[in-house]
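Below: the structure, in structure tokens.
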Amino acid sequence: MTPLTSDALVETLKILERQLKYGHPDELNRWIDLNQISMENEECMLSLNWGHAFVQSSNQGRLGVGRVPGSQKVLDRETGKLVTCNKDICPNAVYYDDIGFVNYAPYAAGGWGGA
């Protein structure tokens with residue numbers, strides 16, 4: 001197996017770095033209970049979580065749930081480079097008139113995102 005130390009890893013680390021700037025200072029140490037606490041306190045949060053966390057929340061009707069973010073670029077495993085999605089490279093991507101193809105990876109059998 002070839003390690004994925006490529007453009008994709010570099011881009012992933014850049015995204016993680018930007019994401020951590022805006023998250024809770026302790027999110028890497030206490031991520032599960034922080035999500036629950038933030039939901040119960042009606043605090044602004046972004047969570048990639050199992051669906052039961054949203055269903056069990058006491059904030060029913062005040063909690064928005066959306067699709068997990070996608071990407072316009074994917075890793076070409078032959079070249080190790082990031083390439084822009086098109087209908088051949090990303091056959092399951094969604095096409096948007098303003099930005100083109102966006103590929104969505106499944107997360108937890110379909111994905112949950114809440115904010």
Side-chain angles (χ1 to χ4, degrees):
M1 177 180 236
T2 305
L4 297 177
T5 51
S6 64
D7 292 350
L9 177 61
V10 172
E11 185 62 24
T12 300
L13 292 174
K14 287 179 184 177
I15 292 168
L16 179 60
E17 180 182 37
R18 288 192 308 263
Q19 178 182 323
L20 291 175
K21 283 183 185 178
Y22 302 103
H24 190 282
D26 205 22
E27 76 177 299
L28 293 179
N29 298 316
R30 298 181 48 224
W31 60 276
I32 293 175
D33 66 327
L34 280 176
N35 289 337
Q36 293 301 116
I37 292 167
S38 293
M39 276 193 273
E40 297 306 319
N41 292 335
E42 297 183 24
E43 297 171 343
C44 181
M45 62 168 279
L46 172 64
S47 178
L48 296 178
N49 208 326
W50 299 104
H52 74 280
F54 306 117
V55 173
Q56 294 174 351
S57 171
S58 63
N59 291 321
Q60 295 298 316
R62 297 179 303 225
L63 180 67
V65 177
R67 186 178 209 169
V68 175
S71 176
Q72 294 169 277
K73 295 187 181 267
V74 293
L75 175 66
D76 180 329
R77 292 186 181 269
E78 290 180 17
T79 65
K81 301 290 182 192
L82 287 174
V83 296
T84 302
C85 281
N86 61 41
K87 66 181 178 179
D88 296 320
I89 295 170
C90 304
N92 298 313
V94 176
Y95 180 79
Y96 299 95
D97 290 333
D98 56 342
I99 60 172
F101 288 94
V102 177
N103 192 55
Y104 295 95
Y107 173 77
W112 296 85

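Each residue takes its place number in the sequence, starting with 1.
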Counting only pairs under 3.5 Å, give me each side-chain donor-acceptor contact of residues 10-20, with atom names and distances, residues two or more places apart or in other chains.
unit_1: Thr12; atom_1: OG1; unit_2: Ala8; atom_2: O; d: 2.8

If I compare all heavy atoms of Ser71 with all of Cys85, which pair ends up nearest, and what's the gap?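 Closest approach of Ser71 to Cys85, heavy atoms only: O-SG, 4.1 Å.
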Considering all heavy atoms of both residues, which atom of Cys90 and which atom of Asn103 are nearest to each other, and what is their separation?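 In terms of heavy atoms, the two residues are closest at CB-OD1, 4.0 Å.
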What's the spacing between Ile89 CD1 and Thr84 OG1 if we round to 0.5 Å?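 Answer rounded to 0.5 Å: 7.5 Å.
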Under the 3.5 angstrom rule, does the side chain of Gln72 hit a backbone N or O of Ile99 as a donor-acceptor pair?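 Yes.
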Sorted by first residue and then second, give each ring-ring contact (aromatic ring centres under 6.0 Å, His included) pair with at least one member in residues 77-99; sequence neighbours left out.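 As it turns out, the ring-ring contact (aromatic ring centres under 6.0 Å, His included) pairs with a partner in residues 77-99, which skip direct neighbours, are Tyr95-Phe101.
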With sequence neighbours left out, write down each residue that passes side-chain contact (heavy atoms from CB on, under 4.5 Å) with Asp76, or none if nothing qualifies.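 Checked Asp76 against side-chain contact (heavy atoms from CB on, under 4.5 Å); matches are Glu78, Thr79, Val83.
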